[in-house]
Amino acid sequence: MLLSTQLQYGDDPVRNAEAAVAMEQAGLDVVWVAEAYSFDAVSLMGYLAARTERVQIGAGILPIYSRTPTLTAMSAAGVDALSEGRAILGLGASGPQVIEGFHGVPYDKPIARTRETIEICRKVWRRERLTNEGLYPIPLPEGQGTGLGKPLKLINHPRRADIPIWVAALGDKNVEMTAELANGWLPHLLMPEKLREVFGPALDAGLAKRAPELGPLQITGGGILAIEEEMFEPARQLARAMYALYVGGMGARGRNFYNTVFARQGYGDAARLVQDLYLDGRKDEAAAALPDDFIDKVTLIGPPSYVKERIAALREAGVTHLHVNPVTTDAPKLLSQVKEWIA
């Protein structure tokens with residue numbers, strides 16, 4: 001099991017990168033760089049490539065709508081070259097509010113677009129003369145544009161032709177496609193006890209079509225981490241605020257993928273209540289309405305013996321990358337301790 005964390009993206013990127021350097025020295029294996037509607041992830045990944053030596057640098061995630069698939073492939077290859085083979089390309093559809101509201105791009109056919117993006121990226125990295133038919137016609141067909149486009153291949157020789165691709169997926173069809181085509185899966189709201197019940201059929205359907213050369217599907221899981229007693233309550237409050245945002249506010253009624261997964265894990269009534277409260281502007285009440293046992297199962301908050309039990313449950317469920325958000329006075333020390341537990 002490897003150890004990963006998310007680069008904080010809401011404030012000073014240089015200070016956050018320096019924190020990642022310290023965590024690398026403590027044993028961190030993967031740092032994921034989110035994009036959302038903050039600074040772009042690729043710039044920060046390039047900076048991390050220069051500041052770190054060993055840690056893998058993952059886009060977590062690049063929205064498929066905000067770049068052409070070819071540019072996505074070029075960016076991943078560039079970071080992989082700068083980091084000497086440490087890049088991970090994380091892809092996801094994001095959501096309509098960000099894609100249409102911030103990027104001004106229609107949110108349509110997310111699964112088909114992800115599939116084509118994966119296929120195009122791998123063609124680019126293999127330095128094939130690029131052609132594609134489908135949602136992304138390459139070159140543009142006759143009657144579109146100037147008619148001067150021709151198939152090209154990447155000028156540079158990539159460090160790797162098989163840069164790992166991970167996909168953030170929640171819906172059944174997207175999870176199935178991820179299990180079929182991707183190197184790794186980035187779920188959210190993952191309760192190890194419910195993984196097979198909620199996602200098992202979709203995972204099995206995708207794995208049945210998976211190419212052997214891709215190897216086993218890698219999976220992240222974990223949550224907010226605290227093992228110091230004085231940090232338990234701040235960590236739980238942070239978890240409640242974060243999950244209330246996702247379950248209640250990360251999407252409109254009827255189009256919130258996180259809310260749907262929360263409901264499918266046995267919290268249908270709470271899902272409706274949290275969303276109603278959050279969208280009515282009652283965010284603190286929404287956070288308080290999250291069931292205690294849910295918070296316990298999607299976090300790693302408690303004494304070392306309890307956290308070890310939760311790590312064991314994640315490992316048993318198939319998680320390969322323990323993903324943590326440390327709440328502590330000494331993050332490198334805490335990560336070093338957890339690294340020993342999972343080694």
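We find the CD-NZ distance between Q265 and K297 to be 9.5 Å, quoted to the nearest 0.5 Å. Once rounded to the nearest 0.5 Å, the distance linking CD1 of I64 with OG of S94 reads 9.5 Å. H188 NE2 to T220 OG1: the interatomic distance, rounded to the nearest 0.5 Å, is 10.0 Å. Here CG of L225 is found 10.5 Å from CD of Q337. Values are rounded to the nearest 0.5 Å. With rounding to the nearest 0.5 angstrom, the CE atom of M231 is 12.0 Å from the CG atom of L238. Rounding to the nearest 0.5 Å gives a distance of 10.5 Å between CZ of R113 and CD1 of I120.
For the pair G251 and Q97, the tightest heavy-atom approach, listed with the atom from each and the gap, is N-OE1, 3.4 Å. The minimum heavy-atom distance between V167 and A182, with the atom names listed, is CG2-CB, 3.9 Å. Among all heavy-atom pairs drawn from A93 and I99, the shortest one is O-CG1, 3.6 Å. A pairwise comparison of heavy atoms in G249 and L279 identifies CA-CD2, 4.4 Å as the closest pair. Contact between A112 and L135 at its shortest, heavy atoms only, is CB-CD1, 3.6 Å. K153 and R127 make their closest contact through CD-O, 3.4 Å (heavy atoms, listed as atom of the first residue, atom of the second, distance).
A salt bridge between R51 and E18 is present, with a side-chain N of the basic residue lying under 4.0 Å from a carboxylate O of the acidic one. Under the 4.0 Å criterion applied to side-chain N and carboxylate O atoms, K339 and D29 are assigned as salt-bridge partners. A salt bridge links D12 to R15: one of the charged nitrogens lies within less than 4.0 Å of a carboxylate oxygen. Contact check on R160 versus E84 returns no salt bridge, with no Lys/Arg side-chain nitrogen under 4.0 Å from an Asp/Glu carboxylate oxygen. Under the 4.0 Å criterion applied to side-chain N and carboxylate O atoms, D204 and R196 are assigned as salt-bridge partners.
Between E35 and D40 there is a side-chain heavy-atom pair separated by less than 4.5 Å. No side-chain heavy atom of F102 sits under 4.5 Å from any side-chain heavy atom of E100. Inter-residue side-chain proximity for I342 and I311 is flagged as met; some heavy-atom pair is nearer than 4.5 Å. Counting heavy atoms from C-beta outward, V327 and F232 have side chains that stay 4.5 Å or more apart. The side-chain heavy atoms of S305 and K308, taken from C-beta on, include no pair separated by under 4.5 Å. Within the 4.5 Å cutoff, the side chain of R236 has no heavy atoms near those of the I224 side chain.
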- Query: Between T52 and R86, is a side chain to side chain donor-acceptor pair (under 3.5 Å) present by the stated rule, with each step listed?
  - Reply: CA-CA 10 Å; T52 58; R86 293 185 283 130; 2.8 Å; yes

- Please step through salt bridge (Lys or Arg N to Asp or Glu O under 4.0 Å) for the pair E180 and R115, ending with a clear verdict. CA-CA 10 Å; E180 176 190 354; R115 177 180 288 273; 2.9 Å; yes

- Item | Full working for side-chain contact (heavy atoms from CB on, under 4.5 Å) between L91 and T117 | CA-CA 9 Å; L91 298 173; T117 298; 3.9 Å; yes

- Message: Pair H103, Y65 - check ring pair (Phe, Tyr, Trp, His ring centres under 6.0 Å), show working.
- Response: CA-CA 8 Å; H103 293 288; Y65 297 95; 9.1 Å; no

- Item | Trace of the side-chain contact (heavy atoms from CB on, under 4.5 Å) decision for V42 with V79 | CA-CA 8 Å; V42 177; V79 173; 4.1 Å; yes

- Item | CA sep, side-chain torsions, deciding dist, call: M23, L3, side-chain contact (heavy atoms from CB on, under 4.5 Å) | CA-CA 10 Å; M23 288 188 284; L3 184 61; over 6 Å; no

- Task: Starting from the C-alpha separation in whole Å, work towards a yes-or-no answer on salt bridge (Lys or Arg N to Asp or Glu O under 4.0 Å) for K209 and E176.
- Result: CA-CA 9 Å; K209 297 176 284 185; E176 179 180 338; 2.8 Å; yes

- Message: Test side-chain contact (heavy atoms from CB on, under 4.5 Å) on L314 and L300; report intermediate values, then the result.
- Response: CA-CA 11 Å; L314 289 161; L300 302 165; 4.2 Å; yes

- Task: Kindly indicate, with the supporting measurements, whether the criterion salt bridge (Lys or Arg N to Asp or Glu O under 4.0 Å) is fulfilled by D276 and R282.
- Result: CA-CA 9 Å; D276 287 344; R282 298 156 67 183; over 6 Å; no

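Hydrophobic clustering (side-chain heavy atoms under 4.5 Å, transitive across Ile, Leu, Val, Met, Phe, Trp, Tyr) groups L170 together with L181. In this structure, L62 is a member of the same hydrophobic cluster as M250, with clusters built from ILVMFWY side-chain heavy atoms closer than 4.5 Å. Following chains of ILVMFWY side-chain contacts shorter than 4.5 Å, one can reach V31 starting from V338, so the two form part of one hydrophobic cluster. Hydrophobic cluster membership is shared by L217 and I118, with clusters built from Ile, Leu, Val, Met, Phe, Trp and Tyr side chains linked at under 4.5 angstrom. Both M242 and L7 are part of a single hydrophobic cluster, where members link through side-chain heavy atoms under 4.5 Å apart.
At most 12 non-hydrogen atoms from other residues, nucleotides or ligands lie less than 6.0 angstrom from CD of E133. More than 12 heavy atoms of other residues, nucleotides or ligands lie within 6.0 Å of CD in E233, so this atom counts as buried by the packing criterion. By the 6.0 Å contact criterion, OH on Y9 is open, its count of non-hydrogen atoms from other residues, nucleotides or ligands being 12 or less. No more than 12 heavy atoms of other residues, nucleotides or ligands shown are found within 6.0 angstrom of CD on E53. In this structure, F39 places its CZ atom where only 12 or fewer heavy-atom neighbours from other residues, nucleotides or ligands lie under 6.0 Å away. Annotation: E229, atom CD; neighbour count of heavy atoms from other residues, nucleotides and ligands within 6.0 Å does not exceed 12. Within 6.0 Å of NZ on K173 lie no more than 12 heavy atoms contributed by other residues, nucleotides or ligands.
A donor-acceptor contact closer than 3.5 angstrom links the side chains of N132 and E116. No side-chain N or O of R159 forms a donor-acceptor pair with one of S83 less than 3.5 Å apart. Judged purely by distance below 3.5 Å, without hydrogens or angles, the side chains of N256 and Y278 never pair a donor atom with an acceptor atom. Side-chain atoms of S4 and H321 include no donor-acceptor pair closer than 3.5 Å.
Under the side-chain contact (heavy atoms from CB on, under 4.5 Å) criterion, T131 pairs with P139, P151, not counting sequence neighbours. Here T328 pairs with E228 under the side chain to side chain donor-acceptor pair (under 3.5 Å) rule; sequence neighbours left out. Applying the side chain to side chain donor-acceptor pair (under 3.5 Å) criterion to E24, with sequence neighbours excluded, gives no partner residue.
Using cut-offs of 30° and 60° for the angle between ring planes, the W185 and F199 rings count as perpendicular. Ring planes of Y267 and F262: parallel class, angle under 30° (limits at 30 and 60°).
You'll find the ring centres of F294 and Y243 inside the 6.0 Å limit.
No option in D292, D284, T299 other than D292 meets the side-chain hydrogen bond (donor to acceptor under 3.5 Å, both in side chains) test with R240.
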